[in-house]
Amino acid sequence: MKSCLSKYVFALLFIPAFFIFSTQVDAQSIAFKALLSTLYDADFPVLKPSQVSDLSTFQVLDTREKEEFEVSHLKNAIWVGYDTFTLKNVASLDKSKPVLVYCTVGARSQDIGKKLKEAGYNEVYNLYGGLIEWVNEGKPIFQDDFPTKKVHTYSQSWGIWLNKAEKVY
């Protein structure tokens, strides 16, 4: 009887707590997705982190500012910047190979991606949700060649969406 009662008490406490926590997480992801839908053009292709199984199949470009890149980036990403971006920054890339662009949430990278498409790059994809979504899905990031848990979130207001790493501003 005691064992049955303790299981019942546990269920009464655990299930509501789990429901409240999971609802808050889902609400945040729903809000983040709604926000992203206002930033992205419907006709520019995106890839969700779950769709990227092998980064080495892409020429990966980080379109954030240098100080953001130095905190962390995707493995083997090439820093090309945003404010300082020019097509000279990507002159060594192969226009016939797929390019994956990213930034903090995907707005700046979409802009750079459009410039690449206009310059004749065949396959350009924006990383959906940017570095924030990548990390929130448990994918690795690096500082130099070493794994890290730090993410420069551009600003504190963007940092509210980062759940699974240390925020740097």
Side-chain angles (χ1 to χ4, degrees), residues 29 31-169:
S29 61
F32 188 55
K33 289 175 186 175
L35 174 66
L36 294 178
S37 72
T38 67
L39 300 175
Y40 296 165
D41 290 347
D43 61 344
F44 196 87
V46 296
L47 287 175
K48 293 183 177 181
S50 61
Q51 295 175 296
V52 181
S53 58
D54 184 3
L55 278 175
S56 69
T57 61
F58 297 93
Q59 300 170 98
V60 181
L61 304 181
D62 189 311
T63 66
R64 300 173 301 151
E65 295 308 317
K66 189 72 166 176
E67 65 186 21
E68 296 171 85
F69 176 83
E70 289 172 348
V71 170
S72 63
H73 51 268
L74 298 185
K75 188 158 184 85
N76 298 320
I78 301 165
W79 176 75
V80 297
Y82 181 74
D83 289 334
T84 58
F85 178 81
T86 69
L87 289 172
K88 290 179 184 177
N89 297 8
V90 295
S92 64
L93 296 182
D94 184 340
K95 289 184 176 185
S96 66
K97 292 186 178 177
V99 176
L100 180 67
V101 292
Y102 75 93
C103 64
T104 304
V105 295
R108 293 178 285 175
S109 52
Q110 179 179 258
D111 289 346
I112 299 299
K114 288 177 181 179
K115 291 177 182 181
L116 294 171
K117 291 290 280 180
E118 290 170 7
Y121 287 82
N122 295 331
E123 271 186 271
V124 182
Y125 302 95
N126 191 14
L127 182 62
Y128 179 84
L131 200 56
I132 287 177
E133 185 74 7
W134 181 267
V135 171
N136 283 346
E137 288 196 16
K139 300 246 184 188
I141 54 171
F142 296 83
Q143 183 179 45
D144 299 321
D145 292 329
F146 302 98
T148 186
K149 293 291 184 188
K150 294 182 179 182
V151 174
H152 194 297
T153 61
Y154 184 72
S155 69
Q156 288 184 334
S157 58
W158 288 114
I160 65 170
W161 305 111
L162 182 67
N163 298 321
K164 295 188 177 178
E166 180 183 335
K167 300 167 188 172
V168 176
Y169 309 106

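Position 1 is the first residue of the sequence, and the numbers go up from there. All figures in this text were calculated on a predicted structure; none of them were measured in a lab.
- Closest heavy-atom contact between Trp158 and Ile132: O-CD1, 3.5 Å.
- In this structure, Ile78 and Leu93 have side chains that are in contact, with non-hydrogen atoms separated by less than 4.5 Å.
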inquiry  = Quick one, Phe85 with Leu87, criterion side-chain contact (heavy atoms from CB on, under 4.5 Å). Give me CA distance, side-chain angles, the key distance, then yes/no.
reply    = CA-CA 7 Å; Phe85 178 81; Leu87 289 172; 4.1 Å; yes
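- Between the side chain of Gln156 and the backbone N or O of Tyr169, no donor-acceptor pair lies under 3.5 Å.
- Summarising the geometry of Gln51 relative to Val46, their closest heavy-atom pair is OE1-O, 4.2 Å, with the distance given to 0.1 Å.
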inquiry  = For a side-chain contact (heavy atoms from CB on, under 4.5 Å) check, start with the C-alpha distance between Val80 and Val90, then their side-chain angles and the critical distance, and finish with the verdict.
reply    = CA-CA 7 Å; Val80 297; Val90 295; 3.7 Å; yes
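- In this structure, Leu39 and Gln110 have side chains that are not in contact, with every pair of non-hydrogen atoms separated by 4.5 Å or more.
- Across Gly129 and Leu36, no two heavy atoms sit closer than the pair CA-CD1, 3.6 Å.
- Checked by atom type, the side-chain pair Tyr102/Asn126 shows no donor-acceptor distance below 3.5 Å.
- Residues Arg64 and Leu131 have side chains in contact (heavy-atom distance under 4.5 Å, counting atoms from C-beta outward).
- Residues Val151 and Val71 fail the side-chain proximity criterion, which asks for heavy atoms closer than 4.5 Å.
- Summarising the geometry of Cys103 relative to Arg108, their closest heavy-atom pair is SG-N, 3.5 Å, with the distance given to 0.1 Å.
- Within the 4.5 Å cutoff, the side chain of Trp161 has heavy atoms near those of the Leu35 side chain.
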task = Walk me through it: do Val105 and Tyr154 pass the test side-chain contact (heavy atoms from CB on, under 4.5 Å)?
result = CA-CA 9 Å; Val105 295; Tyr154 184 72; over 6 Å; no
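- The minimum heavy-atom distance linking Ser72 with Lys150 is given by the pair OG-O, 2.7 Å.
- With Gln143 contributing its side chain and Glu70 its backbone, the two residues share a donor-acceptor pair below 3.5 Å.
- Between the side chain of Lys75 and the backbone N or O of Leu55 there is no donor-acceptor pair closer than 3.5 Å.
- Shown here for Leu127 and Leu100, the closest heavy-atom pair between the two residues is N-CD1, 4.0 Å.
- Of the residues Phe44, Trp134, Tyr40, Phe32, the one that meets the ring pair (Phe, Tyr, Trp, His ring centres under 6.0 Å) test with Tyr128 is Tyr40.
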